[in-house]
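Beneath this line is the structure, given in structure tokens, with notes to follow.
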Protein chains: 2
Amino acid sequence: MTGHATTQSQPTTSYEAAAAQREARFLEALQAAGLRLTAQRRAICHYLARTDAHPTAQQIYEALKPQFPSLSLTTVYNTLDVLVRLGLVYALGGAGDRAVHYETNTEPHINLACLVCHRVIDLPMPEVGAWRSRVAEASGFKILGARLVYYGVCPECQRQNPADDNPPSE
Amino acid sequence: MTGHATTQSQPTTSYEAAAAQREARFLEALQAAGLRLTAQRRAICHYLARTDAHPTAQQIYEALKPQFPSLSLTTVYNTLDVLVRLGLVYALGGAGDRAVHYETNTEPHINLACLVCHRVIDLPMPEVGAWRSRVAEASGFKILGARLVYYGVCPECQRQNPADDNPPSE
DNA sequence: CTCCAAACTTGGAATGATTCTAAAGTATTT
DNA sequence: AAATACTTTAGAATCATTCCAAGTTTGGAG
Ligand SMILES: [Mn+2]
Ligand SMILES: [Mn+2]
Ligand SMILES: [Zn+2]
Ligand SMILES: [Zn+2]
């Protein structure tokens, strides 16, 4: 949408277009699953469609609370559960903190979790695309999501703790 | 060891030989890290070197408790932390239960976690071997472990709950 | 061999993310 | 409008994991 394409679609616009599309996919899937599109669910999908930060339930809650004071953390958990069960969002597990980080980027990639600063970044990796179906076929599993994560210490944190050779474990 | 090789090493023997070798690697690494080889750590390494079941801390504790009544769950956690920090064991995260499952198989493979029965099985995948270093190089991360997991429903659990389309999420 | 300090283990208490529950709110259907 | 089916919400309950203080064990110095 908004595809003026004067010379090239502006970064901002193209980003928002992609986000909107992703959000629409979420909402359609919820609807298709027979669920209602409540304001809470919309807000959460809106947020998820626009982050690449692998947030925790708590982070989503805090981000939305100001604009949506009645929102409850339980609803965030419930909605994430639904989205994970529909395979729209992946549950990645902890990153040094004890909270589950969620992932909305279903493009083939590997995640890198820093056990020190608890950030998770993406590393594109097209080869990964082939695995899912291969794994499903080879195992007979009904696959709902993936957790493709390498964990360790990011470059920044390595610089800040050159001596410390003992970061937390999970 | 025990390499009689009458005609071929017996399955049992070869399995035990591999396990013993893996255990030795654990113990050597602990020692190399300047840590003491206590009876508790030995017991835990012995157990880990011989399972392919991706156990939780609690499961390890319960398995060892009868033979080692004084063992404490805290020690199991502490030892797992050490092993994870040394990169000898990987922390895989939950499998439908809320507990972290640990992994001792450092051969390149993908894990499949069943969200219903909470079992995790291995799927060999040699290609995976190349990533770790590739990922490290591309990102600058110091990598300590991996969590290469697809989660869903195993064939057995699919059979038992044919109708149920809604397994738990994490 | 004896003694000391450092390294370890242990049981119990504390933490805190996630789950559960019951009550109240909202949409949908009759 | 009333009944019904879904949802949200606040607060309590869980329970895996972490923290802590105290008691043990270990390796080495003397
Ligand atoms: Mn990602
Ligand atoms: Mn495995
Ligand atoms: Zn970091
Ligand atoms: Zn199963």
Side-chain angles (χ1 to χ4, degrees), chain A residues 27 30-45 54-62 64-65 67-86 89 91-102 113 115 118 166-170, chain B residues 27 30-45 54-62 64-65 67-86 89 91-102 113 115 118 120 151 166-170:
Chain A
L27 297 176
L30 287 177
Q31 211 158 31
L35 298 170
R36 291 179 185 162
L37 266 46
T38 63
Q40 292 86 334
R41 285 175 180 159
R42 282 174 188 285
I44 293 167
C45 289
H54 309 84
T56 65
Q58 182 74 212
Q59 289 168 341
I60 297 170
Y61 172 71
E62 280 165 12
L64 263 32
K65 190 77 177 172
Q67 312 301 319
F68 202 145
S70 87
L71 183 66
S72 89
L73 183 53
T74 301
T75 294
V76 176
Y77 275 110
N78 288 339
T79 302
L80 285 170
D81 273 4
V82 170
L83 292 172
V84 168
R85 275 203 282 258
L86 293 175
V89 161
L92 287 186
D97 46 10
R98 320 172 197 186
V100 173
H101 288 248
Y102 293 87
L115 299 178
H118 309 158
N166 286 36
S169 63
E170 156 79 11
Chain B
L27 297 175
L30 287 176
Q31 211 159 31
L35 298 171
R36 291 178 185 167
L37 266 45
T38 64
Q40 293 85 335
R41 285 174 181 163
R42 283 174 188 284
I44 293 167
C45 289
H54 308 83
T56 65
Q58 181 78 101
Q59 290 169 341
I60 298 170
Y61 173 72
E62 281 165 11
L64 263 32
K65 190 78 177 171
Q67 311 301 320
F68 201 142
S70 87
L71 183 66
S72 89
L73 184 53
T74 301
T75 294
V76 176
Y77 276 109
N78 288 338
T79 302
L80 284 170
D81 273 5
V82 170
L83 292 172
V84 168
R85 273 202 283 259
L86 293 176
V89 161
L92 288 186
D97 46 9
R98 322 175 196 181
V100 173
H101 289 248
Y102 293 86
L115 299 178
H118 310 158
V120 181
Y151 50 87
N166 284 38
S169 63
E170 155 79 12

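All heavy atoms count here, side chains included; hydrogens, waters and symmetry mates do not. Note that this is a predicted model, so its numbers are computed, not measured.
- We find the CG-CD distance between A/D97 and A/Q59 to be 7.5 Å, quoted to the nearest 0.5 Å.
- In this structure, OH on B/Y77 lies 9.5 Å from CD1 on B/I60, to the nearest 0.5 angstrom.
- Separation of atoms CG (B/L64) and CG (B/L73) is listed at 11.5 Å; rounding is to 0.5 Å.
- Between B/L86 and B/A33, the closest heavy-atom pair is CD2-CB, 4.0 Å.
- Summarising the geometry, atom CG belonging to B/L92 is positioned 13.5 Å from atom OH belonging to B/Y151; distances are rounded to the nearest 0.5 Å.
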All N/O contacts under 3.5 Å from nucleotides 13-17 of chain C to the protein, with atom names and distances to one decimal?
none

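- Scanning for side-chain hydrogen bond (donor to acceptor under 3.5 Å, both in side chains) contacts around B/Y61 gives B/K65, with sequence neighbours left out.
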Strictly under 4.0 angstrom, non-hydrogen atoms only: write out the protein contact profile of nucleotides 4-10 of chain C, one letter per nucleotide from the 5' end, B, S or -.
--BBSSB
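- With sequence neighbours excluded, the residues satisfying side-chain hydrogen bond (donor to acceptor under 3.5 Å, both in side chains) with B/T75 are B/S72.
- In this structure, CZ on A/R42 lies 4.5 Å from CG on A/L37, to the nearest 0.5 angstrom.
- No donor-acceptor distance shorter than 3.5 angstrom exists from the side chain of B/R41 to the backbone of B/T79, with no hydrogens or angles considered.
- A search for side-chain contact (heavy atoms from CB on, under 4.5 Å) contacts involving B/R98 returns nothing, not counting sequence neighbours.
- Here the range on DNA chain D touched by chain A, meaning any atom under 4.0 Å from one of its heavy atoms, is D/dA5 to D/dT18.
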